Amino acid sequence: MNEAATRELLVTLAASLFARGFSVGSAGNISVRLADGFLITPTNSSLGRLDPARLARLDAAFRPIDGDPPSKEVFMHRAFYAARAEAGAVVHLHSTMATAVACLPDVDAANPIPPLTPYFVMRVGRTMPVVPYYRPGDPAMEPAIHAAATGARAVLLANHGPVVSGKTLTDAVYAAEELEEAAKLYLLLRRETSRLLTPPQVDDLLRAFG
Ligand code: 13P
C-alpha cells in the first residue's frame, strides 16, 4: 500500500474507532510503519477528526520530518517496533473496558485476561502483560514496554490503557477492538465460574491462525 493510501486508511480506521467510543476527546494514538520511517497521529488530535495530510511523519529513528507535532507517546510506539520485527502498526487507546482491567490490582499481571474466546487469542495472542504505571508521555516507559512487548503483541499500561501491535494497520485495529470486547467479557464473567479455552485449544488456534 502506498503512503497516500496508508494515510487515508489510518484516518478512516481512527474515525471508526472514535465513532464507536473506543476513544474520546484527544485520547489515543496510532502509528504505522512506512518503507523509510513511520506515520503517527499528531499530539492532542482527536481520532475522530484527523487530516491525512497533517499526520506526523517520522524518520526511521523516530525523528519528526513533517506534519503536525507527533504524539507524545512516540516512545511507547518505538518500544513496540524495536521489540517486534513483524509489527507494521501500533494502536494505543483508553478504551473503557480494557482500561478498567488495567486499574484492577488483583489480576495476574503476566496475563490479566484469560482465554475466553477464540478471536481474542487469534488477534491478541497468548499473553498480554500489564506494564507498571508511567505518566503519559514519560520516556521512562520505553524500556518497560520494550521488555513486555518482546513476548507479547499487546500490553496493558496500568491505570492508562492498552497498546496493541499488528502486522498491518488493519490487524492492529482489529486486535485493539477484540481486546476491548474480551475485557468486557472478562469483567462480566469475573465473579462467575466461566469455561476457559484449554491450553490445547489455545495452541490449536495459534497454530491455525498465527
Ligand atoms: P497524544 O495526544 O500526545 O497522542 O496523547 C494522547 C494519549 O492517549 C496519551 O496516552
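Positions are given from 1, in the same order as the sequence printed here. What you are looking at is a predicted structure, and each value in this text was computed from that prediction instead of being measured. Just so you know, ligand 1 is whichever comes first in the structure, and atom 1 is the first atom listed for that ligand.
Not a single heavy atom of Met76 sits closer than 4.0 Å to an atom of ligand 1. Judged by the shortest distance from any of its heavy atoms, Thr41 lies outside the 4.0 Å radius around the atoms of ligand 1.
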>> For Asn29 and Lys72: C-alpha separation, side-chain torsions, deciding distance, then whether side-chain contact (heavy atoms from CB on, under 4.5 Å) applies.
In response: CA-CA 9 Å; Asn29 31 73; Lys72 62 180 164 300; over 6 Å; no
>> Using side-chain contact (heavy atoms from CB on, under 4.5 Å), reason through Thr168 and Met1 one step at a time and then give a plain yes or no.
In response: CA-CA 10 Å; Thr168 67; Met1 192 186 294; over 6 Å; no
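In terms of modelled atom types and a separation under 3.5 Å, the side chain of Asn159 and the main chain of Tyr133 share no donor-acceptor contact.
Taking only nitrogen or oxygen atoms, main chain and side chain alike, Asn44 reaches within less than 3.5 Å of ligand 1.
Each of the atoms 2 (O), 6 (C) of ligand 1 lies under 4.0 Å from some heavy atom of Ser26. Atom numbering of ligand 1 starts at 1 in the shown order; those under 4.0 Å from a heavy atom of His92 are 8 (O), 10 (O).
Of the protein's non-hydrogen atoms, Glu73 OE2, 3.2 Å is the one closest to atom 9 (C) of ligand 1. With hydrogens left out, the protein atom closest to atom 4 (O) of ligand 1 is Ser71 OG, 2.7 Å, a heavy atom. From the protein, the heavy atom lying nearest to atom 3 (O) of ligand 1 is Thr43 OG1, 2.6 Å. Annotation: atom 6 (C) of ligand 1 to nearest protein heavy atom, Asn29 ND2, 3.5 Å. Among all protein heavy atoms, the one lying closest to atom 8 (O) of ligand 1 is Gly28 N, 2.8 Å. Scanning all protein heavy atoms for the shortest distance to atom 5 (O) of ligand 1 gives Lys72 NZ, 3.1 Å.
Nearest heavy atoms, Phe80 versus Ser165: CD2-CB, 3.6 Å.
Of the candidates Val91, Ile40, Thr41, Leu39, Leu39 is the only one forming a side chain to side chain contact (heavy atoms under 4.5 Å, CB included) with Val32.
In the displayed structure, Phe62 atom CZ is contacted under 6.0 Å by more than 12 heavy atoms of other residues, nucleotides or ligands.
A donor-acceptor contact under 3.5 angstrom links the side chains of His160 and His92, judged on distance only. With 3.5 Å as the limit, one finds a donor-acceptor pair spanning the side chains of Arg20 and Ser16.
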